[in-house]
Amino acid sequence: MSERFEAAGADARWQAEWEARGTFHADDNSNQPKSYVLEMFPYPSGRIHMGHVRNYTMGDVLARFRRMRGMEVLHPMGWDAFGMPAENAAMEKGVHPGDWTRANIAAMRAELKRLGFALDWSRELATCEPDYYGHEQALFLDFLEAGLVYRKESAVNWDPVDMTVLANEQVIDGRGWRSGALVERRKLSQWFLKITQFGDDLLEGLQGLQHWPDKVKLMQANWIGRSKGLRFKFALERPSTSLGTNGLSNIPFVSSDVETRFSDVEVFTTRPDTIFGASFVAISVDHPLAQALKDSTAGLPEFIEQCRKTGTAAAEIETAEKLGFDTGLKATHPLDPSWQLPVFVANFVLMEYGTGAVFGVPAHDQRDLDFARKYMLPVTRVVASSPEEKDKPVHDEADTDPGLIVNSRFLDGMTSEDAKGAVIARAEAEGWGEGTTVFRLRDWGVSRQRYWGTPIPIIHCDGCGPVGVPRDQLPVVLPEDVSFDIPGNPLDRHPTWKHVDCPKCGAPARRETDTLDTFADSSWYFIRFASQPKDRPFDRAVAEQWLPVGQYIGGVEHAILHLLYARFWTRALQHIGALNVAEPFTGLFTQGMVTHETYKDAVGNWLSPAEVSNSVVTATGEPVTVGRVEKMSKSKKNTVDPGPIVDRYGADAVRWFMLSDSPPERDLPWSEAGIEGAGRLVQRLWRATAPGEGAGGADLDLDRKLHRTIDGVATDIEALSFNKAVAKLYELIGAIEKAKPSASRDTASRTLIRLAAPMVPHIAEEAWARIGGEGLVADAEWPAVDPALLIDDEVTIAIQVNGKLRDTIQAPKGSSREELEALARANAKVLAILAGAEPKKVIAVPDRLVNLVA
RNA sequence: GCGGACGUGGCGGAACGGUAGACGCUAGCGACUUAAAAUCGCUUUCCUUCGGGAGUGCGGGUUCGAGUCCCGCCGUCCGCACCA
């Protein structure tokens, strides 16, 4: 029997054993309760990184634990395999995206297998294969038929570097999320998925997700951004003598065409209660009215141009001055035909939100106030905290709080809330407006001008328009013979691929050459994992057995995009009757990042941890500046490749490190010392689980420790508090090490193997085999807790005087308040402090403490 | 600007409103060893006249008792951002 646990041989041996036995195959037909544990599948970049290891280790512990608790666990793995990096590699290295991707998958699969994850590899899938994306095309057609897909000419976010369209979610501070290039506005015909149709459902569904982090729910709620308010119209007219406040008195004649097209302008507000505080109407520079006025209004084209130049970066918006251009048009107040408001084109009104036009209430909106001050428009208070304050002046800060309505004719005296209802009711009765709900969320533009994605299964016919590819012609497979030597979409310039006949009329037609946003691929992979028939996307009955995913684990960076799209896709499937699941993931956990110290040399170049030891450059002895602990990233060179670490310490040490110390939702600082410590633990465990010598006798303290550990570790694992479970195991190991030989010690030692098995499965199997355990420890049952052993018969009681700890005493468990008080009063230290005085009050908490108040 | 989270030793962090610092890392001392590695034991919040005293970002409050609850600051991080 070897003194040390040799991971190098044992890891591979047990991994082969699990695979040969099919230990982790999930059985659709099992009678056991089912559990679906899923980690976000990786993009096959080529190598796994520590973030993957942490993510998959957490899921693995839960999966293995639940198996031991008698559940049938589905724990699959696959590849989010479409996407830009493959095309970039093609452009840079001349390798085909498919070859590059598949080679990466093979490499990463091998790396993952070395960590011994309890995965059902028989369900492995890659989204770039026709047997996945073909079914996605079928679902797209299902959605199209159900009216959940539409095509629209629209201004899109165009990334000039990646040469593709980006969804709003993929534009960050005006830049492409991948390329970082400044995004341009372009008009293109695009396919959209009607995610806004589910805006209410997606928002309200969040309330039922009790096992999601509040933070993520809040982020989604903010993203969906539902606002209730009033949409209403101002009648427009052009007075015979225009007196623009910006000094343009000779506004040219507006063509009758414009006047007939724009007899009114529609605005949206969440504050209809402030309608009598209006002092202007402002429209976006992109508003059709502004565009129509452009040609006939001197100065307007220049103004619009000026506004466009203002950057979209956060800092610029923050400081940008409110600018307006008085069109000379007048808007008639809907509640007073004699009241006319100036109509401005303004730089702060967004075309994408609401109606692209607003009415300004300077007293109660900061932007409107800034604008009014600049253009000397009236500021009228219409909301006050009390009627007496109706004339309280508004200075530099708008009063945005709700209150009592003042200076507002028939609304006076109402609360803001009542006034909103009153105005909406009147608007609806008189026909000039209606209560509506507006979402910040916009429909999901899914067209991408890329090769390495799911082809959109549409054929464009001059006579019939866009026609879905007939089902029997699916999948629409990507052509292999493509080139990446010039920018743009290789599908579009392929010589033959797009030329097909119209399925309806037979006339020559063109294939859609756009592909789907890769977020579509990840919006249903968890369903395909649960059920993957050849001839259809999934078998409903089988999928419904497993779904929803009980525990989903991944990075918080997917809090909005992926998780919202997946929720939408699932609801869309429910809507068309394909799957009776509303929420795909009932439990969500967002794990923290793996971080590392950063290092720079004297010149300020980043150094990798491998080049540094003891704060000097290993090779040269030059001093190193140790920087802050940051997320591992290639640019800062602070990455640690898991491969060599597994070589050196074995899979279990790496897994243990990933679970120790930091709570899983927080960042985990990687350190050499930490992995060394994890390596030592593995050896300690090896010694602590050595077969006993058959000594007799009971050790009640150890029995209690064991059962508290069994109970506590189970609770901690279910709560994903792995760091606490690890600490409890350390305590048990320490207790076993210190215990004298006894039957209790042998039992604890044997039981420890099962307790550690979900976390460090290889050594657990080896130790299990060493003690002659039956079968695999992976298949063993989680040890049962004896509730009687969770209770101590003697407890430590804290003795306090005035809330300060003075002493601790041992007392029988369950001692009465009176008994405890008597013990406290007799305590030597207490007697010394009280010095004969009678305590005013005594608080005794059974099994806890006694507090004497002097 | 809006919204949210967090703040505990040298470090990662424990702690149903009830003994703050479990467990690990680091560091130090000691044992074993020819020696090293490995392993084991002890120490490791601060101050101390060795009796004790102080202590969970800062200032208040509630409570017999607050790291935990409430109010106000300060700081760090995250999300959104001219969303009407």
Side-chain angles (χ1 to χ4, degrees), chain A residues 3-4 172-173 213-223 225-227 229-230 267-271 274 282 284 310 312-314 316-320 322 346-350 352-361 364-368 370-371 400 438-441 556-557 559-560 595 629 656-657 660-663 665-669 671-678 680-681 683-684 687 721 723-734 737-738 796-809 832 839-845 847-854:
Chain A
E3 285 293 306
R4 287 177 59 81
I172 295 147
D173 286 344
D214 289 339
K215 174 189 169 155
V216 173
K217 287 191 275 189
L218 193 68
M219 281 164 71
Q220 291 218 351
N222 289 341
W223 191 265
R226 180 167 71 182
S227 298
L230 172 68
V267 303
F268 172 76
T269 180
T270 55
R271 294 294 301 271
T274 64
S284 166
T310 312
T312 44
E316 282 184 80
I317 288 169
E318 187 73 22
T319 54
K322 304 282 176 282
N347 66 344
F348 66 92
V349 183
L350 303 174
E352 301 84 48
Y353 184 78
T355 62
V358 299
F359 75 103
V361 184
H364 306 290
D365 181 283
Q366 193 59 45
R367 289 160 310 189
D368 295 348
D370 295 344
F371 191 82
T400 54
V438 163
F439 290 92
R440 180 188 181 281
L441 181 70
V556 73
E557 67 273 18
I560 297 172
T595 59
V629 175
W656 187 260
F657 182 94
S660 305
D661 296 347
S662 288
E665 68 279 7
R666 283 201 221 166
D667 290 350
L668 172 69
S671 71
E672 196 67 26
I675 185 67
E676 298 258 355
R680 278 198 294 276
L681 172 280
Q683 299 305 335
R684 255 178 101 184
R687 293 189 295 271
S721 298
N723 57 322
K724 295 189 211 167
V726 160
K728 289 188 174 82
L729 287 176
Y730 267 116
E731 285 191 58
L732 178 61
I733 293 166
E737 287 168 345
K738 287 190 179 70
T796 306
I797 302 292
I799 305 296
Q800 298 180 338
V801 176
N802 293 330
K804 278 198 194 301
L805 182 71
R806 294 299 169 179
D807 203 1
T808 58
I809 56 168
K840 284 184 218 150
K841 193 173 174 185
V842 179
I843 288 105
V845 182
D847 299 335
R848 281 275 172 204
L849 56 73
V850 181
N851 185 13
L852 298 111
V853 184

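Here is the naming used below: chain letters follow the sequence lines, and residue numbers restart at 1 for every chain. Atoms considered below: every heavy atom in the structure, side chains included; atoms not considered: hydrogens, waters and symmetry mates.
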Of B/rC25, B/rG79, B/rC82, the nucleotide closest to the side chain of A/I560 is B/rG79
What's the gap between B/rA35 and B/rG30 when it is taken at their P atoms, as a whole Å value? 14 Å
Protein-nucleotide distance (A/F657, atom CZ; B/rC23, atom C1'), rounded to Å: 15 Å
With a 3.5 Å cut-off and just heavy-atom distances, do the side chain of A/K322 and the base of B/rC82 make a donor-acceptor pair? yes
For a 4.5 angstrom cut-off between non-hydrogen side-chain atoms, does A/L849 reach A/L805? no
Spacing between A/D365 atom CG and B/rC82 atom C1', to the nearest angstrom: 9 Å
Less than 4.5 Å apart, any side-chain heavy atom of A/V726 and any of A/F657? no
Heavy atoms of A/Y353 and A/F439 approach each other most closely as CE1-O, 4.0 Å
Atom-pair distance (NZ on A/K728; C1' on B/rA14), nearest Å: 9 Å
Winner on side-chain proximity to A/L218, out of B/rA84, B/rG3, B/rA14, is B/rG3
Hey, which sits more toward the 5' end of RNA chain B by its nearest nucleotide, A/G354 or A/K804? A/K804
Roughly how many Å apart are B/rG24 and B/rA14, using the P atom of each and rounding to a whole number? 15 Å
From the list B/rG79, B/rG24, B/rA81, which nucleotide is the closest neighbour of the side chain of A/D661? B/rG24
Rounded to the nearest angstrom, tell me the gap between atom CG in A/L732 and atom C1' in B/rG24. 16 Å
Side-chain heavy-atom pair A/V842, A/N851 within 4.5 angstrom cut-off: no
With a 4.0 Å cutoff (strictly under), does any side-chain N or O of A/R666 reach OP1 or OP2 of B/rG13? yes
For the backbone of A/L668 and the side chain of A/T595, can you confirm whether one donor and one acceptor N or O come within less than 3.5 Å of each other? yes
Gap between atoms CG and P, on A/D667 and B/rA5 respectively (whole Å): 18 Å
Between atom NZ in A/K217 and atom P in B/rC78, what is the gap in whole Å? 23 Å
Going by the glycosidic torsion and a 90 degree boundary from 0, is the base of B/rG9 oriented syn or anti? syn
Does A/V349 reach a base, just sugar-phosphate, or nothing at all? Heavy atoms under 4.0 Å. base
Counting primed atoms, P, OP1 and OP2 as sugar-phosphate and everything else as base, the B/S/- map of nucleotides 17-22 of chain B against protein heavy atoms under 4.0 Å is -BB--B
Are side-chain heavy atoms of A/F359 and A/T274 found at a separation under 4.5 Å? yes
Between B/rA14, B/rG4, B/rA84, which one does the side chain of A/P663 approach most closely? B/rA14
Of the listed B/rC83, B/rG24, B/rC64, the closest approach to the A/Y730 side chain comes from B/rG24
Remember a base hit wins even if backbone is also touched, and classify A/L350 as base, sugar-phosphate or nothing at under 4.0 Å, heavy atoms. base
Let me confirm one number: the CD-NZ distance from A/Q220 to A/K215, rounded to the nearest 0.5 Å. 13.0 Å
Between A/S284 and A/V349 (side chain of the first, backbone of the second, donor and acceptor by atom type, cut-off under 3.5 Å), is there such a pair? yes
Give a yes or no answer on whether the side chain of A/R684 reaches the backbone of A/E737 with a donor-acceptor pair at less than 3.5 Å. no
Span that lies between the P atom of B/rG18 and that of B/rG10, in whole angstrom: 25 Å
Minimum-distance nucleotide to A/R440 side chain [options: B/rA81, B/rA84, B/rG24]: B/rA81
Please report the distance, rounded to the nearest Å, between CZ in A/R226 and P in B/rA84. 14 Å
Using the P atoms only, state how far B/rG59 lies from B/rA66, rounded to an integer number of Å. 15 Å
How close do A/Y730 and A/G677 get, counting heavy atoms only, and between which atoms? OH-O, 4.2 Å
Using the C1' atom on both, measure B/rA15 against B/rA20 and round to a whole Å. 7 Å
A/D368 has an atom CG; how far is it from atom C1' of B/rC82, in whole Å? 10 Å
Does B/rA84 have its OP1 or OP2 closer than 4.0 Å to a side-chain nitrogen or oxygen of A/S227? yes
Glycosidic conformation of B/rG30, syn or anti, with 90° from 0 as the boundary? anti
Taking the C1' atom in each of B/rC47 and B/rG55, what is the distance between them to the nearest angstrom? 10 Å
In this structure, OG1 of A/T270 is separated from CZ of A/R226 (nearest 0.5 Å) by 14.0 Å
Between A/D370 and A/R367, is the closest basic N to carboxylate O distance under 4.0 Å? no
Answer for the Watson-Crick or wobble partner of B/rC23, both distances under 3.5 Å, is B/rG12
Passes side chain to side chain contact (heavy atoms under 4.5 Å, CB included), A/V850 versus A/I843? Steps please. CA-CA 6 Å; A/V850 181; A/I843 288 105; over 6 Å; no
Watson-Crick or G-U wobble mate for B/rC6, both contacts under 3.5 Å: B/rG75
Whom does B/rG17 pair with, Watson-Crick or G-U wobble, provided both distances fall under 3.5 Å? none
Mind checking the P distance from B/rU26 to B/rA38? Whole angstroms is fine. 10 Å
In B/S/- notation (B base, S sugar-phosphate only, - none; protein heavy atoms under 4.0 Å), nucleotides 38-52 of chain B written 5' to 3' is -SS------------
Within the structure, does a side-chain N or O atom of A/K215 lie under 4.0 Å from either OP1 or OP2 of B/rG4? no
Give me the distance, rounded to whole Å, that separates B/rU56 from B/rC11 when you measure between the P atoms they each carry. 16 Å
Any strand is fair game: report the nucleotide pairing with B/rG30 by Watson-Crick or G-U wobble, both distances under 3.5 Å, or none. B/rC40
